Amino acid sequence: MFLKLKQEAEAALRDSLSKSGLVEDLEWEKLPESLLLEESEHADVSSSLAFFLASMLKMPPKDAAARLVTHAADAVLESKLISEVRAVGPYINFYAGENFFQETLRRIKEEGCDFGSLGLRGKIILEHTSANPDGPLHVGHLRNATIGDVLARVLRKAGYEVETQYYVNDMGRQVAVAVLGADRFGLDATKKGDHAVVEAYVRASRALEESEGFRREAEDLMRRYEAGDPEVVRKYREVVEKSLSGARETLTQLGIKHDRFVWESEFVRNGDVRRVLKALRERAEVVEEGGALVLKLEGFEKELVLQRSDGTTLYSTRDLAYHIWKAKLGDRMIDVLGKDHELVSKQLARALEILGVPPPEVVIFEFVSLPTGSMSTRAGKFVAVDELLDKVEAAALDEVEKRRPDFSEEQKRRVARIIGVGAIRYDIAKVSPEKPMVFDFEQALDMEKRGAPFIQYAHARASSILRLAAENGYVQRSDGDFLPPDFDATLLSMESERALIRELSKLDYVVEKVVRELKPHHLAKYGRVVAETFNRFYRDCPVLNAEPLLRDARLNLVYCTKLVLKETLRLLGMEAPEEM
RNA sequence: GGGCGUGUAGCCUAGCCAGGAUAUGGCGGCAGCCUCCUAAGCUGCAGGUCGGGGGUUCGAAUCCCCCCACGCCCGCCA
C-alpha cells in the first residue's frame, strides 16, 4: 500500500514540476530514486528534488521547493491518498490523507495474507545451502540456509514461482576423505548420521596428513567414483545419504525445505559434463597444459581448469553443467554462496556467457567465524546447528518456565521450540549478508534482546486481545480466524494509531526492497519496527475498554496488525504463537 | 603482492549502491512505569574523532584517492 502512496506522490511531483514550468525536458527516469521520493520521519513521503533543481535554476533549494509546491494543488486534488504537499525548507513533503489510512486497513482485511504481494511473474531457480555431505550443518551453512530460505519466501510472496535446490557436492575431495574414513574406521551407529560422518571425516583427514598412502587411496576413490565403480558408488551412497539426511533433518527443524536435491555426479554420469567440455572447446580458448584441460578467461587472474591430467573432472566443470541444466528450468537463477566462492562464480558466469547461457544472480554472504577463528569441518572446529538448536531451545524453555508456569509441559515445549527456532533465524537474518559475523554463544542464547521473541510477543499480544474480544462477543470467530466488525477508520486519529497503520502499509515496500536487493535483513528490521510501533499503540490505546465504536475500530487495527506480523514472521520463516 | 568485502558509542547493528532535515536500533549501565487488553512490554538518561588522512561539493557515514586493521580468494580443492 505504501508503494501506491509513493506512486501517487511521484505523479504529483511530476505534475507540479511540469505545471511550474521550472525546467523543460527533465529526464525523469534517470534521476536517482533518493532524489525523488523516500520514507521520512518528517512526512509520509519526502522528496529532495529541490536540491537538484536548485543547481539547474541557480536559486536556493528552499525557493525551488516553494515554487514547486505552489503548483501542487491540482495533483493533490487528483490523488486519492495524499492530502497535502508542503515545502519544509528545501524538502517537499507529502502527507497521507484520511483515505490512505482507511484504504490500508480495508485492503489488509480484504487481501488477508496476500497483502503486500507484488503480483510479479516468472520462475526462479534458487540454490542455497548446498553444504558438502561430509558432516552436519554448522553455523556458516546456517547463514546460507537462512538467507536462501527467506529470499525464497519473499520472492514467492512477490509473485514468483520459486524452486529451491540443494546441490549435493558428492564428488569432491572432502567427501572422498569422508568415505575413506567411514570405510576404515566405520560410522558410529549411535550418532545422528551426519555427526557420525564428520567423526570419520575428521579422523581420516588427520590420517591423511601423516600418510601418503592414505592420500593416494582417497584419490583412487575419487577416480573410481567418477568411473562408476559399483562397489565405490555403494560406499559413497551410504556416507552421502547419511550426511544429507542428517542435514535435511536439521533444515526441517528450522522450517527450511528444498524442492529438489541435485547430485553433482548426475552430470558426469549423464554425459552433460562431456558435452560442456566439447562445447567449450568449440567456442572458447581451451588449451592443454600438462595433460590437463584449461579454459583461458580474459580479465581473470586465474584460468579455469576443466579437467585434471588424469582425465577426471573438477568442481567448476560439473557446476557449469549443473547451471546449463538449471537455466532451462526457469527464467532466473539465483545462487546463495559464501564469500569464498566469489571468484569461481565469476568465472562460471563468464564461461556460461561464452556458451550463450544467462549466468545466475549471485548472493554472496560473508563468513561466520568463531571467537577463536574460522570454522573448519575438516578439523572438527565448528558449531553444529543441531547443538545450537538444542541449547537455544533449552534457554527458551527456561524463560517459558519462568514466565508461564500456567502452561502445560506440552505447551511449554511447543512455545520454547517456536521461540528458539525464531531466535536463531532472526539473529542471522537481521545482519546484512556482506557483513562478516562472529558467532557468539552467549549472545545467541540471550532471549532478552529484541529479536524474534520480541516480534512473536507482539503477535501474541494482538492475538490475546482478539481472543478476549471474541469471548466478550466483540468480534466473531470463524475457522480459528476472527471476523472483525465494520468500523470507522477516521476514529483512529491518535498518533500511535496513525503510526501503526503507516507501518503496516509498508509491507509491500519492504518486500519490493528485499526482492530488488536480494537482502533479507530489511524484512527482519521491518518486523521489529512493526512490533515496536504496535507496543506503543498498546500502551497508549486501550482496546477492550474503549467506547464501542472506537473499540470496533481499534479491534480492526489489532486484527490487521496481527495479520501483518504473522505474515512478516512467516516470510522470515518463524512461527507466530497465539500465546507465549 | 593483487582482487573482493568489512571497520559506525564498552559489545552487536541500520543507514553507504541512488550525498541533504537532529547518525538507526539493540545488548550492557543508570533512573522511572504493572488496582488497566501478557512487564518477553513502555518511558527517560548517560555513552559517537561514523578506522585514519587527504580531496570533490553549498553540503560527505554515504562519492574519489592514499593509508591502517581484520576476513575471504588468488589449488589439476570445493
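Keep in mind that the numbers below use all heavy atoms, side chains included, and drop hydrogens, waters and symmetry copies. Everything quoted here is computed from the prediction, not taken from an experiment. Convention: sequence-line order gives letters A, B, ...; per-chain numbering from 1.
Residue Gln456(A) is classed as having no contact, given no heavy-atom separation below 4.0 Å to the nucleic acid. In this structure, Gln307(A) reaches neither bases nor backbone, as no heavy-atom distance under 4.0 Å exists between it and the strands shown. Within 4.0 Å (heavy atoms only), Ser432(A) reaches sugar-phosphate atoms of the nucleic acid but no base atom. As judged by a 4.0 angstrom heavy-atom cut-off over every strand, Ala460(A) is placed among the base-contacting residues. Residue Val305(A) is in sugar-phosphate contact alone, with no base atom involved, counting any heavy-atom pair closer than 4.0 Å across all strands shown. Counting non-hydrogen atoms under 4.0 angstrom, Met580(A) reaches a base of the nucleic acid. Nucleic acid contact for Arg539(A): sugar-phosphate only, since backbone atoms but no base atoms lie under 4.0 Å from a heavy atom of the residue. As judged by a 4.0 angstrom heavy-atom cut-off over every strand, Gly290(A) is placed among the base-contacting residues. If you check every strand for non-hydrogen atoms under 4.0 Å, Asp170(A) touches nothing.
Looking at which nucleotide of RNA chain B each of Glu434(A) and Asp446(A) is closest to, the 5′-most match is held by Glu434(A). Two residues, Ala458(A) and Glu41(A), neighbour RNA chain B, and the one matched to the more 5' nucleotide by heavy-atom proximity is Glu41(A).
If you take atom P in C27(B) and the same atom in U43(B), they sit 12 Å apart, rounded to whole Å. Comparing the P positions of C77(B) and G71(B) gives a spacing of 26 Å, expressed to the nearest Å. For the C1' atoms, the distance from C34(B) to A40(B) is 15 Å, rounded to whole Å. Distance noted for atom P between C74(B) and C16(B): 31 Å (whole Å). Taking the P atoms as reference points, A14(B) lies 14 Å from G25(B), given to the whole Å. Atom C1' of G20(B) sits at a distance of 27 Å from the matching atom of G26(B), rounded to the whole Å. Taking the P atoms as reference points, U62(B) lies 15 Å from A9(B), given to the whole Å. Spacing of P atoms, U24(B) relative to U38(B), comes out at 33 Å, to the nearest Å.
In this structure, the side chain of Ser345(A) engages the main chain of Glu342(A) through a donor-acceptor pair within 3.5 Å. For Asn556(A) (side chain) and Pro485(A) (main-chain N/O), a donor-acceptor pair under 3.5 Å exists by modelled atom type.
The aromatic ring of Phe367(A) does not sit over the base of G71(B); the criterion of centres under 5.5 Å apart with planes under 30° is not met. Ring-base stacking between Phe51(A) and G20(B) is satisfied, the centre separation being under 5.5 Å and the plane angle under 30°.
For Ser316(A) against A78(B), no side-chain N or O and base N or O form a donor-acceptor pair under 3.5 Å. For Ser48(A) against A21(B), a side-chain-to-base donor-acceptor contact under 3.5 Å is absent. Checked by distance alone, Ser464(A) brings no side-chain donor or acceptor within 3.5 Å of a matching partner on the base of C37(B). Scanning atom types as modelled, one donor and one acceptor separated by under 3.5 angstrom connect the side chain of Asn93(A) and the base of A21(B).
Pairing for G5(B) is with C70(B), a Watson-Crick or G-U wobble pair whose two hydrogen-bonding atom distances lie under 3.5 Å.
A cation-pi arrangement is not found for Lys506(A) relative to Tyr526(A), the charged atom failing to lie both closer than 6.0 Å to the ring centre and inside a 45° cone about the ring normal.
The two residues Asp427(A) and Ala444(A) have their closest heavy-atom pair at OD2-CA, 3.9 Å.
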